[in-house]
2 protein chains.
Amino acid sequence: MLFVVMAGLRERKKEQTRRRIAEVALRLFAERGFDAVTVNEIAEAAGVAKVTLFSYFPSKDCLVLDGVKDDMARIVAGRGPGVTPLAALRAHYRALVAADTEELDVEALMTRVRVISASPALLAGVQQAYAEEREELAAALAAARDPDGTAQAPETTARAPERPARCPDLAARVMAAQITATVTTLQETFFARLAAGTPLAEAGRALAEDVELAFDLLEHGHDTERGTS
Amino acid sequence: MLFVVMAGLRERKKEQTRRRIAEVALRLFAERGFDAVTVNEIAEAAGVAKVTLFSYFPSKDCLVLDGVKDDMARIVAGRGPGVTPLAALRAHYRALVAADTEELDVEALMTRVRVISASPALLAGVQQAYAEEREELAAALAAARDPDGTAQAPETTARAPERPARCPDLAARVMAAQITATVTTLQETFFARLAAGTPLAEAGRALAEDVELAFDLLEHGHDTERGTS
DNA sequence: AACAAAAAGCATACCCGGTTCAGATCCGAA
DNA sequence: TTCGGATCTGAACCGGGTATGCTTTTTGTT
């Protein structure tokens with residue numbers, strides 16, 4: 001009963017098998033397209049049974065869309081004192097854009113981007129991931145403006161029938177929706193540029209500009225924007 | 001070759017069959033849940049073959065999610081001169097909220113809302129519809145600030161290498177994303193209230209408030225919002 | 001070293017949404 | 001009445017995903 005970190009031969013093999021499945025799948029998808037490859041083929045090519053594959057990945061989508069969600073909720077929850085959620089997010093994405101891209105496996109990333117953007121099913125899956133992230137962010141924002149859940153103390157405000165249970169904080173949900181919509185649009189634009197052949201460095205530079213533009217829109221609103229004519 | 005509206009016995013039967021299928025499906029879903037009803041059952045209960053059902057509705061989802069998308073792009077495209085897209089949308093939703101709800105089949109609507117909000121699959125479908133609408137709105141917004149495609153006239157601004165080929169108009173896409181995110185959040189909140197048992201009139205009143213709050217956030221940004229502490 | 005429990009993998013059969021295909025049926029016009 | 005095209009239909013099929021019951025491997029213990 002030792003509390004060693006225990007690389008455990010078992011868990012190492014699991015990790016390794018998982019990686020092998022994902023790599024094989026990505027290669028096949030890149031060759032022939034997501035919809036033209038069956039999970040049976042993937043399982044066979046990875047030397048594993050179909051049921052085993054599904055024990056590693058809950059669905060075919062997840063073979064590709066495994067780590068697409070970045071965790072905005074955590075960034076909001078873990079921000080410093082006195083800094084607004086929006087400022088924390090802006091700082092985070094600024095830093096992310098400025099980070100060195102040397103350590104990334106750019107080739108694999110681009111392959112993933114190409115595979116995803118070529119498949120309606122996967123694009124739908126991405127939208128789904130975005131929606132999930134939006135809900136998490138909404139919860140984090142609600143918690144941010146309500147430090148310790150006053151939600152379970154309705155007696156103190158029971159005498160306020162004019163504001164009947166402001167549901168789960170509409171303002172927080174709208175903010176979350178606008179923020180995730182903005183960030184995901186930035187991501188999509190960035191990946192679209194990459195998929196279209198723009199070199200990474202240039203796409204990164206463009207992204208840096210876009211981050212500022214997008215967060216300015218979030219902070220200051222659209223009232224300075226011209227419609228037309 | 002008459003251009004009469006042509007009630008045509010045939011087309012009438014088609015319409016009628018379509019309605020019957022949708023009604024039967026909704027009833028079964030309401031009774032036992034979306035996932036617990038198979039399309040075979042629906043087809044049998046509606047007195048029709050499975051393949052016929054799929055000739056009317058392209059997927060099981062569509063039996064419920066048929067007219068969920070309202071057409072923001074059309075509202076933007078058809079707005080009066082001198083009015084911004086955002087103002088047009090705000091006016092539209094104000095009017096929609098203020099409209100009399102007498103003519104609606106409230107009972108059927110509520111059933112639909114309950115069925116949808118009880119099924120993850122259908123909720124995902126709703127997200128998908130939102131995503132589609134967002135893309136349409138993005139195109140409409142881009143067209144709005146670029147009345148007749150100036151895309152093929154870069155000569156006038158050719159001396160501005162600092163802004164290289166602003167891709168497919170990022171600002172329009174961010175605006176579209178923020179606007180659809182806002183409106184869909186309003187819809188979700190409204191339906192959540194209804195599903196939770198709030199009477200229609202009261203939910204309508206709350207929605208009217210929410211519309212103003214949400215569009216204010218869109219117009220003026222989040223910079224006046226407090227984070228916490 | 002031997003062993004039993006737990007964990008992982010496997011083959012198979014099954015369910016369900018969705019499609020394909022070759023007819024059967026029905027409507028509407030000539 | 002008859003013909004052509006649209007519509008409907010049963011039945012087989014495909015692919016993603018699950019349930020079941022069994023073998024193999026890892027691991028901690030005696």
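To find a chain, count down the sequence lines: A is the first, B the second, and so on, and within it residues start at 1.
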Atom pair distance, as rounded to whole Å: [atom1] in [X] and [atom2] in [N]:
{"X": "B/Asp61", "N": "C/dG18", "atom1": "CG", "atom2": "P", "answer": "7 Å"}
{"X": "A/Leu63", "N": "D/dG16", "atom1": "CG", "atom2": "P", "answer": "10 Å"}
{"X": "B/Lys14", "N": "D/dC8", "atom1": "NZ", "atom2": "P", "answer": "7 Å"}
{"X": "A/Phe34", "N": "D/dG15", "atom1": "CZ", "atom2": "P", "answer": "14 Å"}
{"X": "A/Leu53", "N": "D/dT18", "atom1": "CG", "atom2": "P", "answer": "11 Å"}
{"X": "A/Gln16", "N": "D/dT25", "atom1": "CD", "atom2": "P", "answer": "16 Å"}
{"X": "A/Arg12", "N": "D/dT25", "atom1": "CZ", "atom2": "C1'", "answer": "15 Å"}
{"X": "B/Asn40", "N": "D/dG10", "atom1": "CG", "atom2": "P", "answer": "11 Å"}

Within 45° cone of A/Phe34 ring axis and under 6.0 Å: A/Lys60 NZ or CZ: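 Here A/Lys60 passes the 6.0 Å and 45° test against A/Phe34.
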
Tell me which nucleotide among [options] gets nearest to the side chain of [X].
{"X": "A/Lys13", "options": "D/dG16, D/dT26, C/dC10", "value": "D/dT26"}
{"X": "B/Ser59", "options": "D/dG16, C/dG18, D/dT26", "value": "C/dG18"}
{"X": "B/Val51", "options": "D/dT9, D/dA19, C/dT19", "value": "D/dT9"}

- prompt: Under the 3.5 Å rule, do the base of C/dG18 and the side chain of B/Lys50 count as making a donor-acceptor pair?
  reply: yes

query: So, does the side chain of B/Lys60 form a donor-acceptor pair with the base of C/dG18 at under 3.5 Å?
result: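 Result: no qualifying N/O pair found.
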
field: Atom CZ of B/Arg19 with >12 non-hydrogen neighbours under 6.0 angstrom
entry: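 Incorrect, the count does not exceed 12.
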
message: If you compare every side-chain N and O of A/Thr52 against the phosphate oxygens of C/dC10 (OP1, OP2), does one of them come in below 4.0 Å?
response: yes

- prompt: Closer than 4.0 Å, any side-chain N/O of A/Tyr56 to the OP1 or OP2 of C/dG9?
  reply: yes

- line: Rounded to the nearest 0.5 angstrom, the OG-CG distance for A/Ser119 and A/Leu65 is 8.5 Å

query: In Å, rounded to the nearest 0.5 Å, how long is the span from CG of A/Leu186 to CZ of A/Phe215?
result: 7.0 Å

message: Which residue is it: A/Ile179, A/Thr182, A/Thr180? I am looking for the one with a side chain to side chain contact (heavy atoms under 4.5 Å, CB included) to B/Gln178.
response: A/Thr182

